[in-house]
Participant: 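Let me give you the structure first, and then I'll get to my questions.
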Protein chains: 2
Amino acid sequence: MAVTRKIPTIQDVARHAQVSAATVSRVLSSPERVSETTRKRVEEAVRATGYTINQAARSLRMRSARTLLLAAPDVGNPFYSTIVEAVIGTAGQHGYGVLVASRLGDDPNRWLSDYLNSNRADGLLLFDGSLDTSRLHDLGGAEGLPLVAAYDEPPDPAVHSVLIDNREAARRVVQFLHGLGHRQIGHVSGLSRNQSTNERLLGFETEMRALGLKIVPEWVVPGIYNMESGLGAVRKMVASGHMPTAIFAANDEMAIGVIRGLREAGLSCPGDVSVVGFDDIAVASYYDPAITTMHQPREAIGRIATEALIEIIEGDVSEERPRHVMLKSELVVRDSTRRLG
Amino acid sequence: MAVTRKIPTIQDVARHAQVSAATVSRVLSSPERVSETTRKRVEEAVRATGYTINQAARSLRMRSARTLLLAAPDVGNPFYSTIVEAVIGTAGQHGYGVLVASRLGDDPNRWLSDYLNSNRADGLLLFDGSLDTSRLHDLGGAEGLPLVAAYDEPPDPAVHSVLIDNREAARRVVQFLHGLGHRQIGHVSGLSRNQSTNERLLGFETEMRALGLKIVPEWVVPGIYNMESGLGAVRKMVASGHMPTAIFAANDEMAIGVIRGLREAGLSCPGDVSVVGFDDIAVASYYDPAITTMHQPREAIGRIATEALIEIIEGDVSEERPRHVMLKSELVVRDSTRRLG
DNA sequence: TTGTATGCGTTATCAG
DNA sequence: CTGATAACGCATACAA
């Protein structure tokens with residue numbers, strides 16, 4: 001069993017420096033309010049005792065934990081993990097720790113509000129659009145607990161958000177393929193519980209119609225954002241008897257699965273079928289063929305969302321209106337697409 | 001600015017249920033010590049008030065935060081992110097939250113001990129072998145703060161650890177290639193600050209010698225565990241004028257870079273050069289060619305390390321001796337390797 | 001079985 | 001500029 005060694009408290013420091021605890025506290029939080037000499041003495045005492053502030057006591061007193069709660073559907077996924085990395089970095093710069101929740105259980109809203117109410121975290125960074133609207137609102141929103149939704153559009157427009165325009169981005173993908181001469185275009189969409197999925201699908205359909213292209217039901221198949229489902233989607237298309245000349249996958253992992261499925265069916269990419277992904281995860285540029293994809297500024301999404309949340313927590317945001325930051329996405333053309341004919 | 005709504009305290013519940021705060025506390029922590037009827041009334045009051053326990057107060061009182069601190073070099077990396085996912089899940093099952101630290105700054109030891117001493121976390125899960133031994137010891141270790149090191153070997157044998165045998169695994173890789181007829185084998189190693197890197201390199205060298213194979217210096221090149229460095233390593237080999245028939249990369253991402261570099265040089269994998277990776281990240285089986293790699297049980301590493309840490313924290317571990325759990329790794333043979341000749 | 005009193009370590013208020 | 005004091009919300013020793 002661990003030997004419980006005595007952790008020095010502010011009182012120990014005070015004793016050591018021959019001042020009151022209040023003075024020590026002041027040296028730590030607002031040094032300018034303490035005289036040069038006492039400050040020096042206190043700082044020395046802090047060093048000598050090896051004192052570190054007790055956050056539990058501080059949180060209790062200040063009603064703030066200097067901790068953010070980050071909720072994502074799956075931190076193991078490279079897409080989210082990049083964002084998590086950015087959030088941790090940004091939060092750290094502002095003196096905040098990050099508590100990470102992944103794959104919330106049966107009652108995510110309850111779980112999240114417990115976390116927030118319990119004073120373990122000061123605010124919530126939500127990277128999961130699949131949460132129940134109604135309860136989400138009274139959990140956070142305009143006048144509730146600090147909450148910023150990012151990446152996936154929050155079902156409730158009253159919450160602050162940081163996003164790209166998924167619908168418009170999907171339209172640009174279709175335009176790009178159309179410009180390459182493709183007329184028969186398929187789409188592998190993602191989990192429909194994510195609003196961004198639906199936006200991409202909607203963008204796909206909208207632009208197809210706008211260009212006068214036919215949407216073939218057999219070529220529009222749902223996936224679940226992993227490689228296996230991309231592979232499965234292609235198998236379905238193959239089974240249907242005829243293939244599109246281009247496939248737009250709603251994320252890069254499904255695009256990888258699609259390319260693999262194509263090869264399995266004796267088709268080449270981009271020779272026979274062009275493939276476009278979404279997100280631009282690290283491996284996209286190293287896959288063979290290197291994947292053409294819609295780049296999402298994930299680092300920026302994580303950073304900006306974190307900064308916004310901290311501003312809200314610290315009351316720097318005077319505006320009542322929720323902020324909706326829209327970031328730019330950009331198509332990165334690589335080798336998985338080619339001009340038709 | 002957010003309207004601060006009144007968060008109910010244990011007092012509010014007590015008032016509502018017409019009992020003392022102590023009774024409410026008891027209902028929450030040891031219900032069996034309270035009479036049926038009062039308990040019912042209190043439970044009802046909890047529901048009515050929407051009470052959630054204040055963790056800050058509880059932590060202060062109990063000297064425990066029910067929170068684990070997880071430190072990894074780069075959470076954005078798919079290898080670590082899988083582990084993180086497992087840790088979060090396991091910790092959650094035991095009622096612990098997980099605070100994640102990534103890319104610690106200049107003085108990681110200081111940073112970590114601050115976190116632990118400040119009562120924000122009860123123990124540390126260390127997935128980074130690059131930390132300074134000496135200070136690590138007085139930070140945690142046998143009789144210090146609860147600490148479990150995983151994945152990378154801790155420099156200090158006094159700390160609990162959960163690992164695979166990297167050296168032995170590397171030897172098996174070489175044996176496998178040798179069995180395929182390869183005699184000219186190269187190695188792309190990783191960051192030398194990681195002990196596991198050095199173990200893999202050592203295993204490579206040991207087995208090469210044991211098999212009477214020549215270690216060609218131009219074919220043993222260091223990388224930094226990302227795809228770019230795998231590509232760079234191959235470029236160096238190519239520049240040296242002659243190539244091995246097989247390359248063992250210390251992780252899958254470098255293996256991907258290696259394969260890409262090979263192709264860039266007009267060489268095929270596995271036609272001209274066989275490639276073996278390490279870790280078995282998700283994309284390994286979907287790459288083209290599917291990558292032969294040493295599978296590390298990352299989920300198990302994360303889970304077992306977490307369980308061990310919690311046991312230590314809760315004092316279930318009576319043994320003074322540090323535990324060293326050694327997990328099995330397994331070579332997964334796919335398409336990036338082939339029999340020579 | 002339940003209530004009362006106390007203290008965990010900190011910061012803020014208010015005197016001096 | 002500094003010190004004494006109270007309060008943050010909870011869990012427990014002790015009393016009833």
Side-chain angles (χ1 to χ4, degrees), chain A residues 4-43 45-46 49-67 95 114-120 122, chain B residues 4-43 45-46 49-67 95 114-120 122:
Chain A
T4 317
R5 42 172 196 194
K6 167 85 178 132
I7 292 174
T9 76
I10 202 170
Q11 298 292 351
D12 298 323
V13 179
R15 216 164 5 247
H16 193 103
Q18 318 232 53
V19 294
S20 73
T23 299
V24 177
S25 177
R26 273 189 288 258
V27 169
L28 265 32
S29 55
S30 42
E32 71 283 1
R33 301 183 49 88
V34 176
S35 81
E36 177 80 16
T37 50
T38 16
R39 186 183 26 188
K40 284 260 164 75
R41 214 166 64 242
V42 170
E43 280 164 353
V46 167
T49 54
Y51 170 74
T52 41
I53 205 162
N54 182 321
Q55 272 297 337
R58 183 171 219 265
S59 294
L60 176 58
R61 180 64 229 235
M62 310 274 286
R63 301 161 160 309
S64 118
R66 290 197 83 76
T67 299
D114 274 9
Y115 247 80
L116 266 7
N117 287 338
S118 69
N119 209 337
R120 288 169 80 128
D122 307 319
Chain B
T4 319
R5 40 171 198 194
K6 168 86 177 129
I7 292 174
T9 76
I10 204 171
Q11 298 292 350
D12 298 323
V13 179
R15 214 160 11 242
H16 193 101
Q18 320 233 49
V19 294
S20 74
T23 299
V24 177
S25 176
R26 277 189 284 259
V27 169
L28 265 32
S29 54
S30 42
E32 71 282 1
R33 300 185 51 86
V34 176
S35 80
E36 177 80 17
T37 50
T38 14
R39 186 182 21 179
K40 284 262 166 76
R41 216 166 62 242
V42 170
E43 281 163 353
V46 167
T49 53
Y51 171 73
T52 41
I53 209 161
N54 182 321
Q55 273 297 338
R58 182 170 219 269
S59 295
L60 176 58
R61 179 65 226 249
M62 308 276 285
R63 302 167 141 9
S64 119
R66 288 196 85 75
T67 299
D114 273 10
Y115 247 80
L116 265 7
N117 287 337
S118 69
N119 208 337
R120 287 169 78 126
D122 307 319

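Reminder, nothing fancy here: chain letters follow the sequence lines and each chain counts from 1.
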Participant: Rounded to the nearest 0.5 Å, how far does CD of B:Gln55 lie from OG1 of A:Thr67?
Facilitator: 12.0 Å
Participant: Rounded to the nearest angstrom, tell me the gap between atom CZ in B:Arg66 and atom P in D:dA11.
Facilitator: 12 Å
Participant: Send over the distance from B:Asn119 CG to D:dC10 P, rounded to a whole Å.
Facilitator: 16 Å
Participant: Could you state the atom-to-atom distance from CG of B:Leu60 to P of C:dT6 in whole Å?
Facilitator: 18 Å
Participant: Whole angstroms only, please: what is the CZ-P distance between A:Arg120 and D:dG9?
Facilitator: 18 Å
Participant: C:dG3 base to B:Arg26 side chain: any donor-acceptor pair below 3.5 Å?
Facilitator: yes
Participant: What's B:Thr38 touching, base or sugar-phosphate or nothing? Going by heavy atoms closer than 4.0 Å.
Facilitator: sugar-phosphate
Participant: Can you check the A:Arg58 CZ to D:dC10 C1' distance for me, whole Å?
Facilitator: 20 Å
Participant: Where do A:Arg26 and A:Thr23 land on the side chain to side chain contact (heavy atoms under 4.5 Å, CB included) test, with the steps shown first?
Facilitator: CA-CA 5 Å; A:Arg26 273 189 288 258; A:Thr23 299; 3.7 Å; yes
Participant: Pick base, sugar-phosphate or nothing for B:Ser59, based on heavy-atom distances below 4.0 Å to the nucleic acid.
Facilitator: nothing
Participant: In whole angstroms, how far is the P atom of D:dC10 from the CG atom of B:Leu28?
Facilitator: 9 Å
Participant: Taking the side chain of A:Ile53 as its heavy atoms from C-beta onward, which of C:dT1, C:dT11, D:dC10 lies nearest to it?
Facilitator: C:dT11
Participant: Tell me whether B:Lys40 is salt-bridged to B:Glu43, with the criterion being a basic N under 4.0 Å from an acidic carboxylate O.
Facilitator: no
Participant: Which is true for B:Thr9 with a 4.0 Å heavy-atom rule: it touches a base, it touches only sugar-phosphate, or it touches nothing?
Facilitator: sugar-phosphate
Participant: Between B:Ile7 (CD1) and D:dC10 (C1'), how many Å, whole number?
Facilitator: 15 Å
Participant: Just to confirm, is there a sub-4.0 Å distance from OP1 or OP2 of C:dT2 to any side-chain nitrogen or oxygen of B:Thr23?
Facilitator: no
Participant: What's the closest nucleotide to the side chain of B:Ala22 if the choices are D:dA11, C:dT4, C:dG9?
Facilitator: C:dT4
Participant: Starting at the 5' end of DNA chain C, which residue's closest nucleotide do you reach first, A:Gln55 or B:Ser20?
Facilitator: B:Ser20
Participant: Between C:dT2 and B:Ser35, is there an OP1 or OP2 to side-chain N/O distance shorter than 4.0 Å?
Facilitator: yes
Participant: Report yes if a side-chain nitrogen or oxygen of B:Arg61 is closer than 4.0 Å to either non-bridging phosphate oxygen (OP1 or OP2) of D:dT12; otherwise report no.
Facilitator: no
Participant: If you round to the nearest 0.5 Å, how far is OG of B:Ser20 from CD of B:Gln11?
Facilitator: 9.0 Å
Participant: Given atom CD of A:Gln11 and atom P of C:dT10, what is their separation to the nearest angstrom?
Facilitator: 8 Å
Participant: Below the 4.0 Å mark, does D:dC1 have OP1 or OP2 next to a side-chain nitrogen or oxygen of A:Arg39?
Facilitator: no
Participant: Can you work out whether B:Ala57 or B:Glu32 has the more 5'-proximal nearest nucleotide on DNA chain C?
Facilitator: B:Glu32
Participant: Quick one, B:Val34 with B:Val42, criterion side chain to side chain contact (heavy atoms under 4.5 Å, CB included). Give me CA distance, side-chain angles, the key distance, then yes/no.
Facilitator: CA-CA 10 Å; B:Val34 176; B:Val42 170; 5.9 Å; no
